Trainee: 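The following block contains the structure, expressed as structure tokens.
What you see below is based on every heavy atom in this structure, not just the backbone, and it leaves out hydrogens, waters and symmetry mates. Not measured: the values here are computed from a predicted model.
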Amino acid sequence: MDDVLRIKDLPDRIGETVTLRAWVEKTRSSGKIAFVVLRDGTGYLQCVVPKGEVDATVWEGVKTLAKETSVQVTGGVRADARSPGGVELGMRELEVIGESVDFPITPKEHGTTFLFEHRHLWLRSRRQGAIMKVRHEVIQAIRDFFYERDFCLVDTPLLTAAIGEEAGTLFETDYFDLGKAYLAQTGQLYLEAAAAALGKVYCFGPTFRAEKSKTRRHLTEFWMVEPEVAWYDSDANMGLQEDFVSYIVQRCLELRKPELELLERDTAPLEVIQPPFPRISYTDAVAKLQKHGQSIEWGRDLGAEDETTIATWYDKPVFVYNYPKEAKAFYMKLNPDDPRTVLCNDCLAPEGYGEIIGGSQREDDHDTLLARIREEGLPEDAYGWYLDLRKYGTFVHSGFGLGVERTVAWICGIPHVREAIAFPRQMHRIHP
């Protein structure tokens, strides 16, 4: 394998004869010269095959190549400014490794249902490949951001007895003789324990919500990154969020420009994403929405339409903070200035992409937290360990969760989160 190169390596090999393995994207021929475009995951390469300069077996082999045939080719690398990557290959040898007969995704228009039924093959397209590379960059940026700031990664359980969000959106299973277990909606409760040990922590992994929702913003399985920081109040928490989001966006603009261009993403709205972000209280947002004719009443959580309207008031992500306690989770800190509300925030992306972050300062008073657990009718025995955190050295702490798919969809400018993950899980889709 050492002598088999990747397409991305070829600009440094001009004038050399090389061998590489790839898949056929398309072919065309004028009768005397053929062109084969290959893909190997690192880039695209045009191979030129002059009929009079290659063996007859090579010429005949090129004529039989179908889309997605896997091949090994050998030839000379030469500069060509018009070709992808600035080089092309003068093919001299061809070996078919795996044939591809009647590849089902053709240049004709296919509906989304068909494409998602063939998601395992649709991923090979240029557009889907570009989205996956932007996702990869987002994930690498997430890890680098926290590594550079001395956060410790803590892996939290995916099977849990404690409810982190709404009981009605849980996937449950029988857990041996111990009763019901649930697929985790969040790792946050466990991170709070880890923050007391390590100060600055985060978890990163799949999250599950059994919401019967078919909107373009929802999946039943998605990836979420959740930091938790000791001694951070709600204001410091929002400061971390705006630094974090800006870091991710600027990283993608710097390193994924070709992919964003392929996706025809207008990057102008992304280029202004720098701290600080505007902030508006829930109360002020509701009053302003009402002036704009929205029917929302104070006390109700913001809907997708409300979030979209609020986002149009700004050219950056906006924090809506201090929601009514009835609209938010039990663990959020009561606002001492207005006990009807809790110290929390949602970060709304511009351009209609909605909430990408939900965060809050956590309730650090034992008795207040116990009262909230009882108000919600949650099983106290399942939260005994969580209450212990308030008995043994309680401390101010805050954190948030960022949804990877919503963030990728926003950065890529794609309309639905289902394209922002390789194999989306929705209430009507579990295959492939």
Trainee: Can you name the one residue among Thr42, Asp40, Leu45, Asp9 that meets side-chain contact (heavy atoms from CB on, under 4.5 Å) with Leu20?
Mentor: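 Considering Thr42, Asp40, Leu45, Asp9, a side-chain contact (heavy atoms from CB on, under 4.5 Å) with Leu20 is found only for Leu45.
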
Trainee: In Å, rounded to the nearest 0.5 Å, how long is the span from CD1 of Ile131 to CZ of Arg256?
Mentor: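 Reported to 0.5 Å precision, the distance equals 13.5 Å.
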
Trainee: Going by distance alone, is a donor N or O of one side chain under 3.5 Å from an acceptor N or O of the other, for Gln140 and Arg251?
Mentor: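 Checked: Gln140/Arg251 side chains show no N/O donor-acceptor pair below 3.5 Å.
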
Trainee: Do Arg149's NZ or CZ and the ring of Phe145 fall within the cation-pi criteria of under 6.0 Å and 45°?
Mentor: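 The answer is yes; both the distance and angle limits are met.
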
Trainee: Is there a side-chain contact between Val320 and Ile310 (heavy atoms, below 4.5 Å)?
Mentor: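 Val320 reaches Ile310 side chain to side chain.
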
Trainee: Might you confirm whether atom CD of Glu351 has over 12 heavy atoms from other residues, nucleotides or ligands at distances under 6.0 Å?
Mentor: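 Enclosed: over 12 neighbouring heavy atoms sit under 6.0 Å from CD of Glu351.
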
Trainee: Does NZ or CZ of Arg126 come closer than 6.0 Å to the centre of the six-membered ring of Tyr44, within 45° of the ring's axis?
Mentor: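 Ring-cation test returns yes.
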
Trainee: Cys203 and Val154: which non-hydrogen atoms are nearest, and at how many Å?
Mentor: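 Closest approach of Cys203 to Val154, heavy atoms only: CB-O, 3.1 Å.
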
Trainee: Can you find a side-chain donor-acceptor pair between Tyr247 and Glu148 that sits under 3.5 Å?
Mentor: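 Yes.
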
Trainee: Indicate yes or no: at least one non-hydrogen side-chain atom of Asp155 is less than 4.5 angstrom from one of Phe204.
Mentor: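 Answer no - side chains too far apart.
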
Trainee: Within the 4.5 Å heavy-atom criterion, are Tyr321 and Ser234 side-chain neighbours or not?
Mentor: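 No - every pair of side-chain heavy atoms lies 4.5 Å or more apart.
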
Trainee: Tell me, yes or no, whether the heavy-atom count around Ile430 atom CD1, taken from other residues, nucleotides or ligands under 6.0 Å, exceeds 12.
Mentor: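 For Ile430, atom CD1 is not crowded (no more than 12 foreign heavy atoms under 6.0 Å).
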
Trainee: Tell me whether Lys316 forms a cation-pi arrangement with Phe277, defined as NZ or CZ under 6.0 Å from the six-membered ring centre and within 45 degrees of its axis.
Mentor: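 Lys316 over Phe277 ring: no.
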
Trainee: Do Thr207 and Gln185 have side-chain N/O donor and acceptor atoms under 3.5 Å apart?
Mentor: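 Gln185 and Thr207 do not have a side-chain donor-acceptor pair below 3.5 Å.
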
Trainee: Less than 4.5 Å apart, any side-chain heavy atom of Leu153 and any of Tyr202?
Mentor: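 Yes - at least one pair of side-chain heavy atoms lies under 4.5 Å apart.
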
Trainee: Can a salt bridge be assigned to the pair Glu419 and Arg216 using a cut-off of 4.0 Å between side-chain N and carboxylate O?
Mentor: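 A salt bridge is absent here (no side-chain N lies under 4.0 Å from a carboxylate O).
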
Trainee: Can you confirm whether Lys257 is buried at NZ, in the sense that more than 12 heavy atoms of other residues, nucleotides or ligands lie under 6.0 Å from that atom?
Mentor: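 Not buried by this count: 12 neighbours or fewer within 6.0 Å.
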
Trainee: May I ask you to test the Leu302-Gln294 pair for a side-chain heavy-atom distance under 4.5 Å?
Mentor: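 When only atoms from C-beta onward are counted, Gln294 and Leu302 do not touch, as no gap falls below 4.5 Å.
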
Trainee: Does the side chain of His397 pick up a donor-acceptor pair with the side chain of Gln361 at under 3.5 Å?
Mentor: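 Side chains of His397 and Gln361: no pair found under 3.5 Å.
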
Trainee: Establish, from distance only, whether the side-chain atoms of Glu228 and Gln188 form a donor-acceptor pair under 3.5 Å.
Mentor: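 Per modelled atom types, Glu228 and Gln188 side chains form no pair under 3.5 Å.
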
Trainee: Please work out which of the three classes, parallel, tilted or perpendicular, describes the rings of Phe146 and Phe244, given edges at 30° and 60°.
Mentor: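 The rings of Phe244 and Phe146 sit tilted, inter-plane angle from 30° to 60°.
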
Trainee: Under 3.5 Å, is there a donor-acceptor pair between the Thr309 and Asp306 side chains?
Mentor: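 No - no donor-acceptor pair under 3.5 Å links their side chains.
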
Trainee: Of all heavy-atom pairs between Arg78 and Val48, which one has the smallest distance, and what is that distance?
Mentor: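 Residues Arg78 and Val48, closest heavy atoms: NH2-CB, 3.4 Å.
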
Trainee: Less than 4.5 Å apart, any side-chain heavy atom of Val49 and any of Phe35?
Mentor: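 A side-chain contact under 4.5 Å is absent here.
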
Trainee: Between Tyr386 and Glu192, does any side-chain donor sit less than 3.5 Å from a side-chain acceptor?
Mentor: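 On atom types as modelled, these side chains qualify, holding a pair under 3.5 Å.
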
Trainee: Using a cut-off of 6.0 Å, state whether more than 12 heavy atoms not belonging to Lys180 lie near its atom NZ.
Mentor: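 Atom NZ in Lys180 is crowded, with more than 12 foreign heavy atoms closer than 6.0 Å.
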
Trainee: Indicate yes or no for a side-chain donor-acceptor contact from Asp233 to the backbone of Ala236 under 3.5 Å, with no hydrogens or angles considered.
Mentor: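 Here the side-chain-to-backbone pair exists.
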
Trainee: Would you say the side chain of Leu94 lies within less than 4.5 Å of the side chain of Thr57, judging by non-hydrogen atoms?
Mentor: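 They are not in side-chain contact.
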
Trainee: For a side-chain contact (heavy atoms from CB on, under 4.5 Å) with Val37, tell me which candidate from Lys26, Glu88, Arg28 qualifies.
Mentor: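 Result: among Lys26, Glu88, Arg28, Lys26 is the only option passing the side-chain contact (heavy atoms from CB on, under 4.5 Å) with Val37.
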
Trainee: Would you name the heavy atoms of Arg92 and Val58 that are closest together and state the gap between them?
Mentor: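 Looking at all heavy atoms of both residues, the shortest contact is O-CG2, 3.5 Å.
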
Trainee: Strictly below 4.0 Å, N to O, side chains only: are Glu60 and Lys63 in salt-bridge contact?
Mentor: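 Salt bridge present between Glu60 and Lys63.
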
Trainee: Distance only, no hydrogens: is a donor on one side chain within 3.5 Å (strictly under) of an acceptor on the other, for Gln72 and Thr19?
Mentor: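 Side chains of Gln72 and Thr19: no pair found under 3.5 Å.
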
Trainee: Is it the case that the side chains of Thr308 and Tyr353 hold a donor-acceptor pair, with the cut-off being a distance below 3.5 Å and no angle test?
Mentor: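 No, no side-chain donor-acceptor pair sits under 3.5 Å.
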
Trainee: Could you tell me whether the side chain of Lys51 reaches within less than 4.5 Å of the side chain of Ser29, counting heavy atoms only?
Mentor: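 No; the side chains remain at least 4.5 Å from each other.
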
Trainee: Check Lys67 with Asp102, please: is the shortest side-chain N to carboxylate O separation under 4.0 Å?
Mentor: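 No, Asp102 and Lys67 are not salt-bridged.
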
Trainee: Go through Arg82 and Gln46 one step at a time and tell me if the side chain to side chain donor-acceptor pair (under 3.5 Å) criterion holds.
Mentor: CA-CA 10 Å; Arg82 299 167 299 175; Gln46 177 172 273; over 6 Å; no

Trainee: Any idea which heavy atoms bring Cys347 and Pro317 closest together, and the distance?
Mentor: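 So the two residues come closest at SG-CB, 3.8 Å.
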
